[in-house]
Amino acid sequence: MPHQLETRVLLEGAEDVRLRTLDGYKDLVGGYATLERAYKEMEQDEILKELEDSGLRGRGGAGFAMGKKASFLPRGDMEKYLCCNADESEPGAFKDRELMQRNPHQLIEGIAIAALAADAGRAFIFIRGEYDEQADILDAAVAEAYEAGYLGTNILGRHRDLELVVHRGAGAYICGEETALLDALEGKRGNPRLKPPFPAVQGLYGGPTLINNVETLSNVPRIVSKGAQWFRGFGTEQSPGTKVVSISGGVRRPGNYEVELGIPTRELIYGLAGGPLPGREIKAFYPGGSSSPVLTAEEGMDLPYSFEAMAEAGSMLGSGSIIVADDRVSIPHMALRTARFYHHESCGKCAPCREGTNWTVKMLERVVRGEATPMDLDIISSVQDNIMGHCLCVLGDSMAMPVAAMVRKFRGEFEQVMAAAAGMVDPHVVVQAPPETLGASV
Amino acid sequence: MTPVDGPGVSNPNLPVDRSVTEGRVPSADPEQIPQLAEVDCPPELQARIEELAARYPDRRSASLPALWAVQERYGWCTPEGIRQAAAVLRFTPAYLESVASFYDLFHTRKVGVHKVHVCTNISCWMRGADELLDAFKAAAAGDDDQFFVTGFECLGACDIAPMASIDDRYYGPLEAAEAGVAIEQLRQGAEVLPEKALAKRGLAGDSPTPSGGGV
């Protein structure tokens with residue numbers, strides 16, 4: 001039995017492994033009925049309207065209205081494409097993995113219906129190479145869907161075609177950026193493109209392309225079958241629907257929980273994830289993956305978990321992934337781990353990101369080695385300011401936002417760690433975290 | 001560069017290099033593309049790459065799948081393998097190598113048969129990933145032909161932190177002591193840590209709530 005705080009819509013029936021097969025998907029949750037109705041009875045505009053009215057916001061990180069994005073695609077006789085972004089690589093996020101592993105057909109049905117809305121004849125699922133197990137599951141499910149006539153040519157005898165290919169990435173976070181994803185799908189190094197033109201106008205192979213996240217597309221079948229109003233019955237005015245939230249780090253029961261958006265964050269972290277490990281206290285958390293500015297427990301715990309509330313608090317809901325840092329975690333070391341990740345994953349195309357991530361790592365290393373002075377913290381902050389908004393894509397910003405927030409909110413701790421590492425004070429007296437804490441070895 | 005007039009507005013006349021908006025275009029200089037006859041491509045590899053290329057409207061899209069096929073065949077992306085794939089896809093080998101070197105999962109140097117990726121990103125680090133990586137390295141030490149052990153950025157399995165991807169399958173949460181067990185199981189050809197496989201886990205919300213953690 002799911003916890004009373006959970007509202008399982010996308011994860012309905014997901015505890016049953018039979019859901020992975022086409023027969024199971026049909027028997028357990030009435031799968032593919034919506035696809036049949038959409039292909040037989042519905043017009044493109046009808047589906048688009050339902051998606052727009054639902055207010056479904058993209059679940060990949062940016063939170064852009066999905067229906068609106070689909071409506072940007074030009075009309076007319078040309079090759080259009082749909083790409084499902086399954087390159088989930090944001091530290092802290094693992095919801096798409098769960099959705100693909102447990103319910104691949106829900107995603108395929110969503111893609112097929114969204115392809116009608118976008119008038120796309122070819123679709124791709126770009127899945128990160130590390131998710132080999134999930135890609136195998138998707139391959140099997142796609143083969144079943146072809147066999148059943150839900151994909152391929154002349155679907156359900158309605159003169160509509162849809163080719164769906166599962167395309168495996170090979171280990172590059174940047175490919176989750178939509179234009180880098182397009183380059184990778186075209187067989188190139190995954191470098192982001194200059195925008196505009198946006199993919200909706202000029203995307204894959206130069207054609208109009210709709211790109212959506214796995215969770216976004218998984219929402220489509222139910223929105224089309226039950227209606228926009230039903231969907232708006234969940235969540236808040238500006239963040240309708242349910243959300244699969246990944247919770248990890250210093251909690252007792254890490255995992256994916258599906259909740260209505262707007263639920264108090266405390267209920268997610270304490271009620272569902274079980275709160276901090278025994279004897280610890282929660283110090284801070286990333287509310288939306290490692291790219292989101294950290295919130296202190298005091299600031300964030302009583303906020304509603306919604307796009308608007310997180311934005312108002314100066315952070316973001318992002319991909320909906322909470323990473324909890326307890327009192328044993330050294331924030332400067334956490335900032336260094338975060339910065340190292342973005343430094344490693346920076347594609348190197350734009351200077352502010354390529355150089356900024358590198359310098360941030362070097363400076364944070366000096367902080368934890370005790371070679372920095374408090375003035376260096378101001379320099380770290382100014383480097384972050386010089387990255388934000390100055391690149392082709394948001395990878396640099398994704399480091400700058402959390403690092404800047406950590407330096408601002410935990411400046412005292414940075415100074416303590418610096419002083420302790422320099423041997424200027426007795427760490428047992430001054431530093432909150434004892435020396436055996438995390439991050440003692442860099 | 002002229003400024004762009006507002007978000008959402010397509011401006012096809014932007015005076016920028018095509019490589020800026022669309023990425024690098026592979027060189028098609030026929031002189032630099034190896035002929036199939038000179039690369040000695042195994043027929044099954046050639047057939048596999050042709051089959052992969054046929055799945056895309058533009059066969060150049062098959063570069064990643066082709067590199068996967070090369071890596072599967074030779075254990076890593078060997079220079080010969082890259083030349084063979086380049087000959088089939090009509091790329092220059094240099095282009096294909098530039099693609100291979102961009103992605104962390106393609107190996108352009110020889111690596112061990114069994115690949116162990118230990119996630120060392122934030123959530124796993126908080127739960128002991130550094131110690132786990134050290135344990136795997138120690139257990140596999142001196143056997144580079146058989147084992148390739150490396151730390152890796154977030155593998156998307158923070159719920160089972162600390163975790164490792166062993167031959168493309170996820171296992172966790174792992175104790176440092178289990179690293180040696182896993183390496184030994186790989187040596188014996190036995191099933192690796194069956195009780196820790198991600199595939200066997202239920203939904204987090206279905207496991208009993210730990211006591212004492214209420215709101």
Side-chain angles (χ1 to χ4, degrees), chain A residues 2-3 6 11 14-15 88-89 91-94 97 122 129-133 165 168 170-173 183-191 193-194 196-198 201-202 205 246 248-250 252-257 266-267 270-272 274-275 290 323 329 334 337-338 341 344-345 438 441, chain B residues 4 7-12 14 16 20-24 26 55-58 60-65 67-68 98-99 102-106 117 120-123 125-127 130 153-161 165 168-170 198-199 202-207 209-210 212-215:
Chain A
H3 195 284
E6 271 201 86
L11 289 175
E15 63 284 350
E88 177 176 67
S89 310
F94 46 92
R97 188 204 76 210
R122 273 181 185 274
E130 294 87 342
Y131 283 176
D132 187 62
E133 195 167 358
V165 171
R168 296 172 195 224
Y173 169 68
D183 264 21
L185 200 43
E186 290 179 4
K188 303 168 183 165
R189 293 162 72 94
N191 288 324
R193 302 175 180 178
L194 181 68
F198 286 91
V201 177
Q202 200 178 320
Y205 311 124
S246 306
S248 66
R252 293 178 187 224
R253 204 169 60 149
N256 284 308
Y257 300 93
R266 183 181 296 277
E267 293 199 342
Y270 284 83
L272 286 167
S290 67
I323 307 174
V329 173
M334 188 165 86
R337 285 278 156 161
T338 308
F341 169 75
H344 178 83
E345 300 294 346
L438 279 168
S441 65
Chain B
V4 180
V9 178
S10 160
N11 189 345
L14 270 179
V16 289
V20 177
T21 51
E22 291 181 29
R24 270 174 219 172
R55 298 161 77 192
Y56 300 91
D58 180 343
R60 291 185 295 190
S61 278
S63 69
L64 263 62
L67 287 165
W68 277 118
S98 83
V99 172
F102 186 84
Y103 297 94
D104 287 346
L105 291 178
F106 290 139
H117 295 127
T120 54
N121 212 293
I122 307 167
S123 295
W125 161 69
M126 287 179 182
R127 289 188 165 236
D130 290 354
E153 293 301 354
C154 186
L155 286 160
C158 321
D159 47 344
I160 53 168
S165 168
D168 295 328
R169 290 293 178 268
Y170 284 10
L198 173 70
L203 277 168
D206 292 332
S207 66
T209 312
V215 178

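Values in this document were obtained by computation on a predicted structure and should not be read as measured data. Throughout, a chain's letter reflects where its sequence line sits, starting with A, and its residues are numbered from 1.
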Asker: Side chain, backbone, both or neither: which part of A:Ala93 has a heavy atom under 4.5 Å from chain B?
Answerer: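 Contact with chain B is through the backbone of A:Ala93 alone.
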Asker: Among A:Arg122, A:Arg168, A:Glu345, which residue forms the greatest number of heavy-atom pairs with chain B at distances under 4.5 Å?
Answerer: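 Sorted descending by pairs with chain B, the first entry is A:Arg122.
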Asker: Please classify the contact of A:Tyr131 with chain B as side chain, backbone, both or neither, using a heavy-atom distance under 4.5 Å.
Answerer: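 Answer is both: backbone and side chain atoms of A:Tyr131 are under 4.5 Å from chain B.
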Asker: Between A:Ser89 and chain B, with a heavy-atom cut-off of 4.5 Å, which part of the residue counts as in contact: side chain, backbone, both or neither?
Answerer: backbone
Asker: Is there a side-chain contact between A:Tyr257 and A:Leu11 (heavy atoms, below 4.5 Å)?
Answerer: no
Asker: Identify which of B:Val99, B:Asp206, B:Asp168, B:Leu64 forms the greatest number of heavy-atom pairs closer than 4.5 Å to chain A.
Answerer: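 Sorted descending by pairs with chain A, the first entry is B:Asp206.
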Asker: With a 4.5 angstrom heavy-atom cut-off, is it the side chain or the backbone of B:Ser98 that approaches chain A, or both, or neither?
Answerer: both
Asker: Report yes if the side chains of A:Phe94 and B:Ile160 come closer than 4.5 Å at any heavy-atom pair, otherwise no.
Answerer: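 In short, these two side chains do not touch, never coming nearer than 4.5 Å.
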Asker: I need the residue from B:Ser165, B:Cys158, B:Gly202 with the largest number of non-hydrogen atom pairs under 4.5 Å to chain A.
Answerer: B:Cys158
Asker: Please give me the minimum heavy-atom distance between B:Ser123 and A:Ser248, naming the atom from each residue.
Answerer: OG-OG, 2.7 Å
Asker: Relative to chain B, which of A:Ala172, A:Pro254, A:Ala14 shows the most heavy atom pairs under 4.5 Å?
Answerer: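 Counting heavy-atom pairs under 4.5 Å, the top option is A:Pro254.
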Asker: Considering non-hydrogen atoms only, spot the tightest contact between A:Arg193 and A:Asp183 and give its length.
Answerer: NE-OD1, 2.8 Å
Asker: Between chain B and each of A:Gly129, A:Pro91, A:Gly250, A:Ser246, count heavy-atom pairs under 4.5 Å; write down the option with the most.
Answerer: A:Pro91
Asker: Using every non-hydrogen atom in the two residues, find where A:Tyr205 and A:Leu185 come nearest and quote the distance to one decimal.
Answerer: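 What the structure gives for the nearest pair is OH-O, 4.1 Å.
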Asker: With a 4.5 angstrom heavy-atom cut-off, could you sort out which part of B:Ala157 is near chain A: side chain, backbone, both or neither?
Answerer: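 Both backbone and side chain of B:Ala157 come within 4.5 Å of chain A.
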Asker: Less than 4.5 Å apart, side chain to side chain, heavy atoms only: is that true for A:Asp132 and B:Arg169?
Answerer: yes
Asker: Highest number of heavy-atom pairs under 4.5 Å with chain B: which of A:Arg97, A:His344, A:Glu88?
Answerer: A:Arg97
Asker: Provide the closest heavy-atom pair for A:Leu272 versus A:Arg253 in the form atom of the first, atom of the second, distance.
Answerer: O-NH2, 2.9 Å
Asker: Heavy-atom distance under 4.5 Å to chain A: side chain of B:Leu198, backbone, both or neither?
Answerer: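 Answer is both: backbone and side chain atoms of B:Leu198 are under 4.5 Å from chain A.
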Asker: Taking the side chain as C-beta and beyond, is there a heavy-atom pair between A:Met334 and B:Trp125 under 4.5 Å?
Answerer: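 In short, these two side chains touch, coming nearer than 4.5 Å.
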Asker: By a 4.5 Å heavy-atom criterion (distance strictly below it), what part of A:Glu15 contacts chain B: side chain, backbone, both, or neither?
Answerer: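 Contact with chain B involves both backbone and side-chain atoms of A:Glu15.
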Asker: Given heavy-atom pairs under 4.5 angstrom as the criterion, report whether the side chain, backbone, both or neither of A:Arg189 touches chain B.
Answerer: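 Contact with chain B: backbone and side chain both.
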Asker: For A:Glu130 versus B:Leu105, what's the shortest heavy-atom pair and its separation?
Answerer: N-CD1, 3.6 Å
